[in-house]
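Have a look at the structure below, then the notes.
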Amino acid sequence: MEKTIITKILKRVLGILPLLFFTTFPIAAQNPSWAKRAANAVFTLKTFNNDGSLLASVNGFFINEQGMAVSSFAPFKNAQHAVIIDAQGKEMEVDCLTGYNDMYDVAKFQVLAKKTQALNIAQNPADKGAKLWLMPYAVKKVPVCTQGTVNSAEQFGEGYTYYTLDMATTDQQVGCPILNEQGEVVGILQPSASENSTTAYAVSSRFANSLHMAGLSQNDPVLRNIKIAKALPDDLSEATLSLYISASTMDTEEYDRLIDRFIEKFPQATDGYVYRARQKMGKEDFQGADDDMKQALKVADTKDDAHYQYAQLIFQKIVYQNDKPYDPWTLDLALKESQTAFELNPQPLYRQQQAQILYAQQQYDTAYDLYMELAKTDMMKAESYYAAAQCKIQKGDKEAGLTLLDSAVNTFTKPYIKTAAPYLLARAQALFEAKKYRPAVNDYNDYETLMTAQLNARFYFLREQAEFAGHLYQQALNDIRRAVEMEPNELVYRAEKANVELRVGMTDDAIESAKECISIAPQESDGYLLLGLAQCVKGQKTEGLANLTKAKELGNSQAQSLIDKYSK
């Protein structure tokens with residue numbers, strides 16, 4: 001049934017274009033007694049582009065006395081702002097979209113108004129053959145209603161109705177209300193298939209009134225191109241989800257307004273103050289961020305989470321914005337807030353936060369103890385072993401660090417899952433530092449299997465270093481060539497390629513690679529050093545010594561010993 005309705009919509013939209021030059025006049029009928037009151041609920045909606053030019057104009061009507069209204073959705077697409085002009089000629093701003101349906105072209109929105117004349121929504125659908133009236137828009141007068149009858153009433157969705165009407169209408173009346181004999185609105189007029197058609201279409205006003213924003217609505221690409229504010233869901237958890245996903249889809253100004261709306265709607269919810277504090281911290285308004293976090297602590301139902309969030313904000317500021325002083329915020333204060341959170345609710349997450357703060361304070365032994373305590377839990381086992389390893393490494397005990405990285409990796413079993421990747425990479429680097437080159441290569445290989453799509457030139461360079469040191473020369477050559485292919489202008493990779501080629505006896509290739517280094521960075525000494533060395537090895541001592549001398553002139557400390565060696 002719903003597919004039939006959609007087909008009808010497409011047919012009449014396509015039929016509009018070839019008939020734009022014909023005009024149909026509405027059939028006059030004696031106005032019902034409720035017409036004067038109903039006329040005051042109808043308005044014109046105008047939407048605008050970013051430069052202030054008119055984007056679209058259509059009709060709509062109020063459905064409550066607090067400025068809630070419905071109309072077509074199409075005019076809102078790509079709109080920067082919108083206004084309505086009511087039956088008295090007064091202009092009012094559209095505050096926000098509160099619901100929409102693109103398929104049925106219906107929008108529900110809030111207008112900034114103290115009190116509005118509204119239509120009552122019919123709770124029962126109109127039956128086939130029922131008399132209905134179209135209420136047009138007019139300024140400071142009661143327009144003549146157009147009478148018609150229901151040709152068909154098709155059900156869709158959760159008991160809503162899509163009407164086909166025997167009624168003459170014009171495109172200028174799209175969005176106007178369709179009312180029953182009691183003066184209740186049953187539908188919203190939609191575009192007809194042709195300008196002079198005596199068949200009209202309307203979608204249920206109950207359906208329009210049911211529209212609302214969900215937590216994931218902000219992720220809709222259609223909505224993202226609309227700069228008019230969007231209402232938050234009435235459910236707190238859904239609204240919090242909107243706040244979370246909008247952080248990555250909205251620009252700063254738009255997101256700031258959304259947070260303010262959240263706080264206005266949910267003044268007792270901590271999330272709004274926490275998100276606003278983060279925004280303020282990003283703008284270096286640390287005092288404002290502190291004020292918001294203290295308000296979050298004041299209203300919080302779960303005090304432990306509020307203390308945790310406060311500690312996290314302070315910690316992040318000191319770690320990432322330490323060049324911007326704000327004396328009240330210290331790591332000691334962050335640690336105190338985190339400890340308070342743990343006292344209120346002994347969660348492992350709060351213990352982990354304390355360990356991170358202690359690590360930042362270079363209290364590595366105390367942080368290590370906390371991480372090892374957390375390693376006894378299943379929730380953070382691998383992560384805790386990894387962090388404990390870093391504590392040992394910072395204390396200079398690399399062997400203990402490597403043992404702990406073994407423990408982190410051993411929390412997983414083969415075949416490894418992607419979660420194991422960062423621990424494999426960390427152990428590979430630690431094994432390389434410990435001169436255990438082939439085991440390091442094994443870890444790099446496992447990491448490659450898990451992260452194939454995310455690998456970069458640096459990964460291949462790091463693995464090449466381990467492969468070359470482990471005498472896996474062909475693998476090393478393959479990897480350094482791949483690194484150069486991925487970042488052809490990186491001198492370090494070019495120079496390493498020349499070095500490997502020279503070491504494995506590919507002297508001609510090394511000469512060409514060294515020349516490429518010089519072409520990329522003619523003022524750097526590495527290319528001349530490698531070229532000179534390769535030429536000397538090949539027996540071209542005159543050219544080789546000249547290039548080694550050039551490397552020396554550019555400040556290379558190795559050049560003189562090579563000059564001495566090959567000058568004999």
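Reckoned from all heavy atoms, side chains included, excluding hydrogens, waters and symmetry mates.
Here the side chains of Y350 and D305 are in contact, with some heavy-atom distance below 4.5 Å. For the pair M167 and N151, the minimum side-chain heavy-atom distance is 4.5 Å or more. In this structure the side chain of M135 never reaches within 4.5 angstrom of the side chain of C176, judged on heavy atoms. In this structure the side chain of D271 never reaches within 4.5 angstrom of the side chain of Y244, judged on heavy atoms.
Across Y416, Y423, F459, a single residue satisfies ring-ring contact (aromatic ring centres under 6.0 Å, His included) together with Y447, and that is F459. Only one option out of Y163, Y201, Y162 pairs with Q190 in a side-chain hydrogen bond (donor to acceptor under 3.5 Å, both in side chains); it is Y162.
For K324, the salt bridge (Lys or Arg N to Asp or Glu O under 4.0 Å) criterion is met by E284, not counting sequence neighbours. Partners of A457 under the side-chain contact (heavy atoms from CB on, under 4.5 Å) rule, at least two apart in sequence or in another chain, are A483, M486, E487, Y493. Qualifying side-chain contact (heavy atoms from CB on, under 4.5 Å) partners for P348, counting only residues two or more places apart in sequence or in other chains: L374, M379, M380.
For the 3.5 Å distance criterion, the side chains of D291 and Q287 qualify, holding a donor opposite an acceptor. There is a side-chain donor-acceptor pair under 3.5 Å between Q347 and N345.
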Determine all donor-acceptor pairs shorter than 3.5 Å in which one atom belongs to a side chain in residues 59-70; sequence neighbours excluded.
residue : atom : partner : partner atom : Å
N59     : ND2  : Q172    : O            : 2.6
N59     : ND2  : V174    : O            : 3.3
N64     : OD1  : Q66     : N            : 2.9
N64     : OD1  : G67     : N            : 3.2
N64     : OD1  : M68     : N            : 2.9

Under 3.5 Å, side-chain donor or acceptor atoms of residues 208-216 against the rest of the protein: list the pairs with distances, not counting sequence neighbours.
residue : atom : partner : partner atom : Å
S210    : OG   : Y160    : OH           : 3.4
S210    : OG   : F207    : O            : 2.6
H212    : ND1  : S210    : O            : 3.1

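Residue pairs satisfying the salt bridge (charged side-chain N to carboxylate O under 4.0 Å, His left out) criterion with at least one member in residues 104-128, sequence neighbours excluded, are absent.
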Inset, instruction - Decide salt bridge (charged side-chain N to carboxylate O under 4.0 Å, His left out) for D292 and R278; before the verdict, give the C-alpha distance in whole Å, the side-chain angles of both, and the deciding distance to 0.1 Å. - result: CA-CA 9 Å; D292 272 334; R278 292 174 186 167; over 6 Å; no
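A cation-pi arrangement, defined by a distance under 6.0 Å to the six-membered ring centre and an angle within 45 degrees of its axis, is absent between R276 and Y273.
Classified by interplanar angle (parallel below 30°, tilted 30° to 60°, perpendicular above 60°), the ring pair F73/F76 is parallel.
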